[in-house]
Undergrad: 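There's a structure below that I have some questions on.
Only a predicted model underlies this, so the values are computations on that prediction, with no experimental measurement involved. Position 1 is the first residue of the sequence, and the numbers go up from there. When a ligand or atom number is given, it counts from 1 through the structure's own listing order.
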Amino acid sequence: MINIAIDGPAGAGKSTIAKLVAKKLGFIYVDTGAMYRAIAYDLLKNGIDPEDEEALRAELSKIDVALSYEGDTQIVLLNGENVNGFIRTEEVGNMASKSSAKPSVRAALLELQRDMAKKNNVVMDGRDIGTNILPDAQVKIYLTASSKERANRRYKELIEKGMEADLKKIEADIIDRDNRDMNREIAPLKQAEDAEYLDSSDMTIDQVVEHIISKVN
Ligand code: DC
């Protein structure tokens, strides 16, 4: 199987790029952030504080996260229910950043992610794919962009969806989330030694996509 690992901070364009690369190559796109978001959504819905280890473990034992596909669309199932419509809020993203630092949360998703890559050609994006989940991936990319550019992109995305957005707050949240994701003890976001560093601030989406595809052939 061919595995492409794309890691990087929030808003770097990972999912847009990974989706297009997967489509062009006929691979499956695996959005691991969506899995962490599904767990975060469950914790918020049930009022569980991820700092409360006991409550967290008890809740994790009750939930099952799975992925299915409708055409190119990845459907995240939380106990069999499609939660795609609930996991894209800033609130869920911020909770996912906190809860994904917990070893029990990471352990709950590790095998599922590795198993998908074992059985399929995948483009998988996240924070620790090249370093931890798929250390033997044939192509590894560390995709980033300046925090200002990333905040701008997320702001536009939200406005286009008709949601409210505050650019300053988005940038502050992005910086906070970067700090948490990069400095946590377990599986922090960092560039794998054999990953290519790609700053997309001044690249078009197509340029990044073509560049990644050229590494597969
Ligand atoms: O990529 P995203 O914004 O959907 O991810 C949400 C949070 O999930 C992010 O702040 C960190 C966490 N995450 C992670 O720890 N490991 C991954 N492989 C993917 C996401």
Undergrad: Run the numbers for me: atoms of ligand 1, each under 4.0 Å from some heavy atom of Ser100, listed by number.
TA: 11 (C), 12 (C), 15 (O)
Undergrad: I want to know if ligand 1 touches Thr32 in the polar sense, i.e. an N/O pair below 3.5 angstrom.
TA: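 Such a contact does occur with ligand 1.
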Undergrad: Taking NZ, NE, NH1 and NH2 as the nitrogens, is one of them in Lys215 or Glu196 under 4.0 Å from a carboxylate oxygen of the other?
TA: yes
Undergrad: Would you say ligand 1 has an N or O under 3.5 Å from any N or O of Arg154?
TA: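 No; every N/O pair is 3.5 Å or more apart.
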Undergrad: For a side-chain hydrogen bond (donor to acceptor under 3.5 Å, both in side chains) check, start with the C-alpha distance between Arg57 and Ser104, then their side-chain angles and the critical distance, and finish with the verdict.
TA: CA-CA 7 Å; Arg57 275 171 199 281; Ser104 51; 4.8 Å; no
Undergrad: If you measure every N/O of Asp125 against every N/O of ligand 1, is any gap under 3.5 Å?
TA: no
Undergrad: Is there a polar contact between ligand 1 and Arg184, counting only N or O atoms under 3.5 Å apart?
TA: yes
Undergrad: Please report which non-hydrogen protein atom sits nearest to atom 7 (C) of ligand 1, along with the residue it belongs to and the distance in Å to one decimal place.
TA: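 Protein heavy atom at minimum distance: Ala96 CB, 3.7 Å.
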Undergrad: Evaluate side-chain hydrogen bond (donor to acceptor under 3.5 Å, both in side chains) for Arg184 paired with Ser100, printing each intermediate quantity in order.
TA: CA-CA 9 Å; Arg184 66 185 177 211; Ser100 65; 3.2 Å; yes
Undergrad: For Ser200, check side-chain contact (heavy atoms from CB on, under 4.5 Å) against everything at least two apart and list the hits.
TA: Leu143, Ala145, Arg153, Val208
Undergrad: After noting the C-alpha distance and the side-chain angles of Phe27 and Ile4, does the key distance pass the side-chain contact (heavy atoms from CB on, under 4.5 Å) rule?
TA: CA-CA 9 Å; Phe27 289 13; Ile4 301 177; 4.2 Å; yes
Undergrad: Measure the distance from atom 8 (O) of ligand 1 to every protein heavy atom, then report the residue, atom name and distance (to 0.1 Å) of the closest one.
TA: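 Going atom by atom, the protein heavy atom closest to atom 8 (O) of ligand 1 ends up being Tyr36 CB, 3.6 Å.
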Undergrad: Using a strict cut-off of 4.0 Å, indicate which atoms of ligand 1 neighbour a heavy atom of Gly126.
TA: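 Going through ligand 1 atom by atom, the ones under 4.0 Å from Gly126 are 17 (C), 18 (N), 19 (C).
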Undergrad: For atom CG of Asp115, decide whether the heavy atoms of other residues, nucleotides or ligands shown that lie under 6.0 angstrom number more than 12.
TA: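 More than 12 within 6.0 Å, yes.
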Undergrad: Any side-chain donor paired with an acceptor under 3.5 Å for Thr32 and Asp125?
TA: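 No donor-acceptor contact under 3.5 Å links the two side chains.
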Undergrad: Give the residue and atom name of whichever protein heavy atom lies nearest to atom 16 (N) of ligand 1, and the separation in Å to one decimal.
TA: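 Protein heavy atom with the smallest distance to atom 16 (N) of ligand 1: Arg106 NH2, 3.0 Å.
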Undergrad: Check each of Arg37, Arg180, Lys14, Arg127 against atom 9 (C) of ligand 1 and report the one with the nearest heavy atom.
TA: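 Heavy atom nearest to atom 9 (C) of ligand 1 belongs to Arg127.
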Undergrad: Does ligand 1 come near enough to Arg177 that some N or O of the ligand is less than 3.5 Å from an N or O of the residue?
TA: yes
Undergrad: Is Ser97 touching ligand 1 with its side chain, its backbone, both, or neither, if touching means heavy atoms under 4.0 Å apart?
TA: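 Under 4.0 Å from ligand 1, Ser97 contributes backbone and side-chain atoms.
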Undergrad: Considering only heavy atoms, does Met35 approach ligand 1 within less than 4.0 Å through its side chain, its backbone, both, or neither?
TA: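 Within the 4.0 Å criterion, Met35 makes no contact with ligand 1.
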Undergrad: Apply side-chain contact (heavy atoms from CB on, under 4.5 Å) to residues Lys102 and Glu53 and explain how you reach the verdict.
TA: CA-CA 9 Å; Lys102 300 293 165 196; Glu53 286 286 336; 3.7 Å; yes
Undergrad: Check ligand 1 against Asp181 and write out every atom of the ligand that is under 4.0 Å from a heavy-atom position of the residue.
TA: 9 (C), 10 (O), 11 (C)
Undergrad: Over all heavy atoms of both residues, which pair between Asp7 and Thr131 is shortest? Give the atoms and the distance, please.
TA: OD2-N, 4.4 Å
Undergrad: To check you understand the geometry: which heavy-atom pair defines the closest contact between Ser15 and Tyr29, and what is its length?
TA: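 So the minimum-distance heavy-atom pair works out to CB-OH, 3.1 Å.
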Undergrad: Atoms of ligand 1 less than 4.0 Å from Asp128 heavy atoms?
TA: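 In order of numbering, the contacting atoms are 18 (N).
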